[in-house]
2 protein chains.
Amino acid sequence: MLSKRAKYAIKALLYLHQNEGAAPVSAKAIADREKIPYKFLENILRELRQHRILKSERGAEGGYRLLKSPESIKVSDIIRIVDGPIALIPCVSENFYEKCVECLDEKTCRIRRLFGEVRQAMLPVLDKSIAELR
Amino acid sequence: MLSKRAKYAIKALLYLHQNEGAAPVSAKAIADREKIPYKFLENILRELRQHRILKSERGAEGGYRLLKSPESIKVSDIIRIVDGPIALIPCVSENFYEKCVECLDEKTCRIRRLFGEVRQAMLPVLDKSIAELR
DNA sequence: AACCATTCCTACCAAACAAGTAGGATATTA
DNA sequence: TAATATCCTACTTGTTTGGTAGGAATGGTT
């Protein structure tokens, strides 16, 4: 399951993409329009900024903007930042690999193979950028 | 992420499938060979029995057998029994549907659409039976 | 009958995680 | 200086995860 955190992050980025302009967009505006708890959203936006997905401007009239181009922000990247691995089991994760404690032989593990396939099936979809979502 | 519970369940069923024979297989045998905590496995096997995936025989020389044919036991079924929904967000789940609280319009929600696609990509892989896993 | 291996069942537990909330410090503009 | 923002740390509350404990019931073996 995707966490609400990740879902809110994607929503916020979509909103930001859709409302790009001269002025940055405040967390409050996003929270109101997307019905995301304000303080929770603040935390999420901060994390996205720290990972250089967006940038912020402080003070009155401040807010957030996309740092990268919307075409280069992949949903999979956001999920990895906020939730961690895409793969359903750690031993087939590219970015968060971990060996199964109880695994006798990774090479022949049928569960590993299956969930490797699952990952391969999911990735092309999740690798879409926020600009591509329709 | 898949829970350990679900992973153990699949492992147990694979072991059971591979060791089908005259005598049923004990939980202890499965636990030893697959390195699954014994008491935890007991719980899992009970749940699978209650969902009519396998049957048990009590007493000495007792144990478990597959109730359904291995060709008809889909990995997706096991996950649904043990972990719940396959879909990453509830609003695209077929079997565990729930509306998003904050969703303004499901029909036009881009996140919903994307994760609908993800689900569609995952399902053919997870719909494989335990007999098909190589 | 006694023993033993097994399933069956309920309950408990500790640690981690999820989904926020609280309170205030800091920066910017008007 | 007032108002509006971001920024940051810490706290809280409930749920889930990954087990463990203890024993009752069942059935085969001797």
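Heavy-atom distances under 4.0 Å link DNA chain D to no residue of residues 76-94 of chain B.
When rounded to the nearest whole Å, the span between CE of B/Met1 and P of C/dC17 equals 11 Å. Taking atom CD1 on A/Ile36 and atom C1' on C/dA18, their separation rounds to 16 Å, with Å as the unit. When rounded to the nearest whole Å, the span between CG of B/Leu2 and P of D/dT16 equals 17 Å. Put simply, CG on A/Leu45 is 15 Å from C1' on C/dG20, counting in whole angstrom units. Atom CG of A/Leu41 and atom P of C/dT21 are 12 Å apart (whole Å). The separation between A/Ile44 atom CD1 and D/dT6 atom C1' is 15 Å, rounded to whole Å. Following rounding to the nearest Å, B/Glu42 (CD) and D/dA24 (C1') show an atom-to-atom distance of 12 Å. Nucleotide D/dT4 holds its P atom 18 Å from the CD atom of A/Glu57, rounded to whole Å.
Rounded to the nearest 0.5 Å, atoms CZ (A/Phe115) and CE (B/Met1) are 11.0 Å apart. Rounding to the nearest 0.5 Å gives a distance of 7.0 Å between NZ of A/Lys7 and SG of B/Cys103. Note: A/Ile86 CD1 to A/Ser76 OG = 5.5 Å, rounded to the nearest 0.5 Å.
One can find a donor-acceptor pair under 3.5 Å joining the base of C/dG23 and the side-chain atoms of A/Lys39. Applying the 3.5 Å distance criterion, the base of C/dT28 shares no donor-acceptor pair with the side chain of A/Arg58. Looking at B/Lys7, its side chain has no donor and acceptor atom pair within 3.5 Å of the base of D/dG18.
The side chain of B/Tyr64 contributes no N or O atom lying less than 4.0 Å from OP1 or OP2 of C/dT6. At C/dT6, none of the side-chain N or O atoms of B/Ser56 fall inside 4.0 Å of OP1 or OP2 (strictly under the cut-off). Considering only side-chain N and O atoms, B/Tyr38 lies nowhere under 4.0 angstrom from the phosphate OP1 or OP2 of C/dA5.
For CZ of A/Arg112, the number of neighbouring non-hydrogen atoms (other residues, nucleotides, ligands) closer than 6.0 Å is greater than 12.
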Side-chain donor-acceptor distances from residues 50-57 of chain B under 3.5 Å, at least two apart:
from	atom 1	to	atom 2	distance (Å)
B/His51	ND1	B/Glu47	O	3.1
B/Glu57	OE2	B/Arg65	NE	2.7
B/Glu57	OE2	B/Arg65	NH2	3.2

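Checking C/dA19, D/dG19, D/dG28 against every side-chain atom of B/Lys4, the shortest atom distance belongs to D/dG19. The B/Arg49 side chain lies nearest to C/dC8 when the options are C/dT29, D/dG19, C/dC8. For A/Phe40, the listed nucleotide lying nearest its side chain is C/dT21; candidates were D/dG28, D/dC7, C/dT21.
In this structure a side-chain-to-backbone donor-acceptor pair under 3.5 Å is present from A/Asn19 to A/Tyr15. Under the 3.5 Å distance criterion, the side-chain polar atoms of B/Arg113 are matched with a main-chain donor or acceptor of A/Arg134.
Each of A/Ser3 and B/Ala27 has a nearest nucleotide on DNA chain C; the 5'-most of these lies closest to B/Ala27.
A donor-acceptor contact closer than 3.5 angstrom links the side chains of A/Arg110 and B/Gln18.
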